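Worksheet: the structure to be examined is printed underneath.
Here the structure is a predicted model, which is why all the values come from computation and not from measurement. Every chain is numbered from 1, with letters handed out A, B, ... down the list of sequences.
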Amino acid sequence: MGKEITARAQDYSQWYLDLVKKADLAENSDVRGCMVIKPYGFSIWEKMQQGLDKMFKDTGHVNAYFPLFVPKSFLAKEASHVEGFAKECAIVTHYRLKNAEDGSGIMVDPDAKLEEELIVRPTSETVIWNSYKKWIQSYRDLPLLINQWANVVRWEMRTRLFLRTTEFLWQEGHTAHETAKEAKDETLQMLNVYADFAENFMALPVYKGKKTESEKFPGAVDTYCIEGIMQDGKALQCGTSHFLGQNFAKAFDVQFAGRDGKLDHVWGTSWGVSTRLMGALIMAHSDDDGLIVPPRLAPIHVVIVPIFKTDEEYEQITKVANQVKKDLQEKGYSVKYDNRNTHKPGFKFAEYEMRGVPVRITIGPRDLASGAVEVARRDTKEKASMKLEELVSQIPVLLEDIQKSIYQKALAFREQMTTHVDSYDDFKKVLDTKGGFVLAHWDGTTETETKIKDETKATIRCIPLEGSMEKGKCVVTGKPSEQRVLFARAY
RNA sequence: CGGGGUGUAGCACAGCCCGGCUAGUGCGCUACGUUCGGGACGUAGAGGUCGGAGGUUCAAAUCCUCUCACCCCGACCA
């Protein structure tokens, strides 16, 4: 009672909000535009961090931490960068409060005005390149491969939990290299890391591609991205990787002595994913009963629910449950035995389904008698009977199967929702009736891109790096096109 | 920044137009009992300066003025 969520078919965005709340992932804070990530939601984010962090380390990166505050003068050094972020910066102007003279509370002390205002970082390129200037003198100092886990602030007008909040959590990698090629390779390497993560951990197939001139990161030479599709047919950018050229090196005068003894500016990259991935995870897989979490990101892999009436039954069941729990934990799985006596089994079933726990084991008197238990999988809601002695060997197999099956379902959906079109009429028709990704030819101009965006609300999500590269004619102007590009209405 | 809306118990809301006894309902919460293989039920409780300030009135959640806050819809963004 009172736990149901709005059906997807009825109101997708309400479904999303209900789910975030009922699955206990996050809630709106009284601080405008900011969210409170609740323990269960945060534990999923931690699993994401762990997976990504290992992949960063495995590719030679190290973690560090740079300041939250960016002096205004830093931000101003790279022209297109400052222009891109100027409209959404939070600014610290004072450093002290005092009691109001009329007794009405506290006020900003006008005498404590900062000499130079500090910007709360919307991203850290400038602060980091300011350090790199001091750290890099020679080609021997390169490459510099650093990542940081941090919060950033972008003063958005409209926010949605996880998808767009004023403050969000992310990681940002910032690297410096000796040659353009090395930096470009790094950019693509990290793009591939993100794509692997999305597919193997999040079970979310993504398209990899390059952003158009108008969609790229302010300050970058090239921006690459991974794009996923949500169940309502809208696209979501899930990660970006930028080739910065020498833009920040020049802005911050970061030069190194090369092997030939000559000075040159270093080549940079930056790349990031954020708590927006939580939004992607939710919208890609979940259903009207709640969250569906792929096992590799699930904070709890298996929940055991006891069913009992008497104390004797409870004791017998608990003995078995604790053994199962111990055995599975020894194999590296996270298991919860929910022995609360304050909630009924049916309530617990619904609760763990809402939270997307991949596997539920139910143990009751009947099971003790038969030596088998009921095992239910969250993704398909199928139930099966499994012999007690087989649990330890079969649960891992089941979890692996769930991981794959969630991915396969998402992949099939994406394939079904990716449409090739060859005329502007079809383009509009597909967007209005079916949605999803549209692969169409485009003449490569910003004018055409803008026209399409104004008329259809669809944007070029990316110029795909893979897939058929056949030439054709722009669906709007008929001018020649080198390859199809990926359009969609997006979050 | 434009347009629309809402502030009443922890949450969701009714009451307001047409002022009048002790401000209600559902969920949640507490206690006890019966329940327990798909979101239990009964009984008894706790919980409110009706967003704030001022005004009209014998009397204001309700009418008037001001103010604050938040939410939703449009142009920008991970």
Side-chain angles (χ1 to χ4, degrees), chain A residues 1-5 11 13-14 17-18 21-22 27-34 83-89 104 121-123 150-172 194 211 214-218 220 223-228 235-242 270-280 289-290 305-311 313-314 317 339-354 360-370 372-374 376 381 383 385 453-454 457 459 461 490-491:
Chain A
M1 299 291 277
K3 276 275 188 182
E4 298 81 12
I5 56 180
D11 184 343
S13 84
Q14 191 57 48
L17 292 170
D18 286 354
K21 194 171 173 185
K22 297 277 169 59
E27 63 189 24
N28 273 306
S29 158
D30 287 340
V31 184
R32 181 220 303 259
C34 297
E83 192 188 336
F85 286 105
K87 296 180 300 266
E88 50 190 39
C89 286
S104 62
R121 63 179 165 219
T123 179
N151 59 337
V152 289
V153 166
R154 297 183 187 174
W155 214 262
E156 303 288 351
M157 291 176 194
R158 292 200 54 220
T159 59
R160 284 186 81 190
L161 290 168
F162 291 120
L163 295 176
R164 184 183 301 112
T165 46
T166 298
E167 179 191 18
F168 56 94
L169 305 183
W170 78 348
Q171 74 40 234
E172 45 180 327
Y194 288 154
K211 285 292 188 191
S214 65
E215 296 272 339
K216 76 177 194 196
F217 175 75
T223 289
Y224 296 86
C225 63
I226 54 170
E227 293 281 332
L236 182 71
Q237 179 174 305
C238 295
T240 51
S241 185
H242 315 290
S270 66
W271 28 274
V273 298
S274 71
T275 36
R276 171 177 265 198
L277 288 181
M278 292 288 293
D289 295 315
V305 177
I307 293 170
F308 59 95
K309 289 180 188 170
T310 65
D311 286 350
E313 280 173 357
Y314 172 72
I317 290 165
N339 63 349
R340 288 177 298 175
N341 196 17
T342 51
H343 296 272
K344 291 180 59 179
F347 179 90
K348 294 178 185 175
F349 295 169
E351 187 174 50
Y352 293 108
E353 274 159 18
M354 188 65 77
R360 181 187 75 230
I361 298 176
T362 309
I363 309 179
R366 292 206 303 256
D367 304 295
L368 290 185
S370 67
V373 294
E374 182 189 273
K381 302 199 78 178
K383 294 176 189 174
S385 181
K453 185 179 175 183
D454 291 346
K457 290 187 174 161
T459 49
R461 302 317 304 156
Y491 277 97

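- Within 4.0 Å of A:Asn341, counting heavy atoms only, lies no atom of the nucleic acid at all.
- Using the six-membered ring where Trp is involved, A:Tyr314 and A:Phe308 have ring planes that are tilted, between 30° and 60° apart.
- Regarding contacts with the backbone of B:rA40, a side-chain N or O of A:Lys344 is found under 4.0 angstrom from either OP1 or OP2.
- No engagement by A:Phe217 is indicated, since no non-hydrogen atom pair under 4.0 Å with the nucleic acid exists.
- Out of B:rC76, B:rG39, B:rC36, the shortest distance to the side chain of A:Ala350 is found at B:rG39.
- Taking atom P in both B:rU34 and B:rG52, the straight-line distance is 45 Å, to the nearest Å.
- Atom P of B:rA53 sits at a distance of 23 Å from the matching atom of B:rA12, rounded to the whole Å.
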Mind running side-chain contact (heavy atoms from CB on, under 4.5 Å) on A:Asn151 and A:Phe168 for me, showing each step along the way?
CA-CA 5 Å; A:Asn151 59 337; A:Phe168 56 94; over 6 Å; no
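- Annotation: side chain of A:Trp271 is not in contact with side chain of A:Thr240 (no heavy-atom distance under 4.5 Å).
- Across the C1' atoms, B:rG10 and B:rA46 are found 13 Å apart, a figure rounded to whole Å.
- A salt bridge is absent between A:Lys87 and A:Glu156; no separation between the charged side-chain nitrogens and carboxylate oxygens falls under 4.0 Å.
- When the C1' atom is used for both B:rA69 and B:rA75, the distance is 24 Å, rounded to whole Å.
- Rounded to the nearest Å, the gap between the P atom of B:rU25 and that of B:rC68 is 36 Å.
- Taking atom CG of residue A:Leu161 and atom C1' of nucleotide B:rC72, one finds them 14 Å apart after rounding to whole Å.
- A pairwise comparison of heavy atoms in A:Lys348 and A:Asn339 identifies NZ-C, 4.1 Å as the closest pair.
- Rounding to whole angstrom units, CZ of residue A:Phe347 and C1' of B:rC27 are separated by 12 Å.
- Using a 4.0 Å heavy-atom criterion, one finds that A:Lys211 contacts no nucleic acid atom at all.
- Rounding to whole angstrom units, CD of residue A:Glu313 and P of B:rU35 are separated by 13 Å.
- One interatomic measurement links the two molecules: CD1 of A:Ile307 to P of B:rA40, which rounds to 13 Å at whole-angstrom precision.
- At the heavy-atom level, A:Leu236 lies nowhere under 4.0 Å from the strands shown.
- Closest to the side chain of A:Glu353, from the set B:rG39, B:rC36, B:rG38, is B:rG38.
- Residue contacts for A:Gly272: at a heavy-atom cut-off of 4.0 Å it reaches no nucleic acid atom on any strand shown.
- In this structure, the side chains of A:Glu167 and A:Arg154 stay at 4.5 Å or more apart for every pair of heavy atoms.
- Under 3.5 Å, the side chain of A:Lys381 and the base of B:rG38 form no donor-acceptor pair of N or O atoms.
- Atom CH2 in A:Trp155 sits roughly 14 Å away from atom P in B:rC1 (whole-Å rounding).
- Closest non-hydrogen pair, A:Gly279 versus A:Phe162, comes out as N-CB, 3.8 Å.
- Between A:Arg164 atom CZ and B:rC76 atom P there is a gap of 11 Å when expressed in whole angstrom units.
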Wobble G-U and Watson-Crick pairs count when both distances are under 3.5 Å; given that, what is the 5' to 3' dot-bracket string of RNA chain B, with | for pairing to other strands?
(((((((..((((......[...)))).((((((.....)))))).....(((((..]....))))))))))))....
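- The separation of B:rC58 from B:rG51, taken at their C1' atoms, amounts to 28 Å, rounded to a whole angstrom.
- Distance, A:Glu83 CD to B:rC77 C1': 14 Å, rounded to whole Å.
- Listed nucleotides B:rC76, B:rG37, B:rG38 differ in distance to A:Lys87; the shortest reach to its side chain belongs to B:rC76.
- Taking the side chain as every heavy atom from C-beta outward, A:Glu27 and A:Lys21 never approach each other to under 4.5 Å.
- In this structure, A:Arg160 reaches neither bases nor backbone, as no heavy-atom distance under 4.0 Å exists between it and the strands shown.
- When heavy atoms are screened at a 4.0 angstrom cut-off, A:Thr459 is found touching no nucleic acid atom at all.
- Projected onto RNA chain B by closest heavy-atom contact, A:Phe162 and A:Arg366 fall at different nucleotides, the more 5' of which corresponds to A:Arg366.
- One finds a salt bridge joining A:Lys211 and A:Glu227 here, because a Lys/Arg side-chain nitrogen approaches an Asp/Glu carboxylate oxygen to under 4.0 Å.
- In the set B:rG37, B:rG39, B:rG38, the nucleotide with an atom closest to the side chain of A:Glu351 is B:rG39.
- Checking B:rG37, B:rC76, B:rG38 against every side-chain atom of A:Lys383, the shortest atom distance belongs to B:rG38.
- On the P atoms, B:rG2 is 15 Å away from B:rU67, given to the nearest whole Å.
- When the nearest nucleotides of RNA chain B are assigned to A:Val373 and A:Glu156 by heavy-atom distance, the more 5′-ward of the two goes with A:Val373.
- Rounded to whole angstrom, the span from the CZ atom of A:Phe349 across to the P atom of B:rC36 amounts to 14 Å.
- Spacing between B:rG15 and B:rC1 at atom P, rounded to whole Å, works out to 33 Å.
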Determine, step by step, whether A:Ile226 and A:Val273 satisfy the side-chain contact (heavy atoms from CB on, under 4.5 Å) criterion, reporting the C-alpha distance in whole Å, the side-chain angles of both residues, the deciding distance to 0.1 Å, and the verdict.
CA-CA 10 Å; A:Ile226 54 170; A:Val273 298; 5.6 Å; no
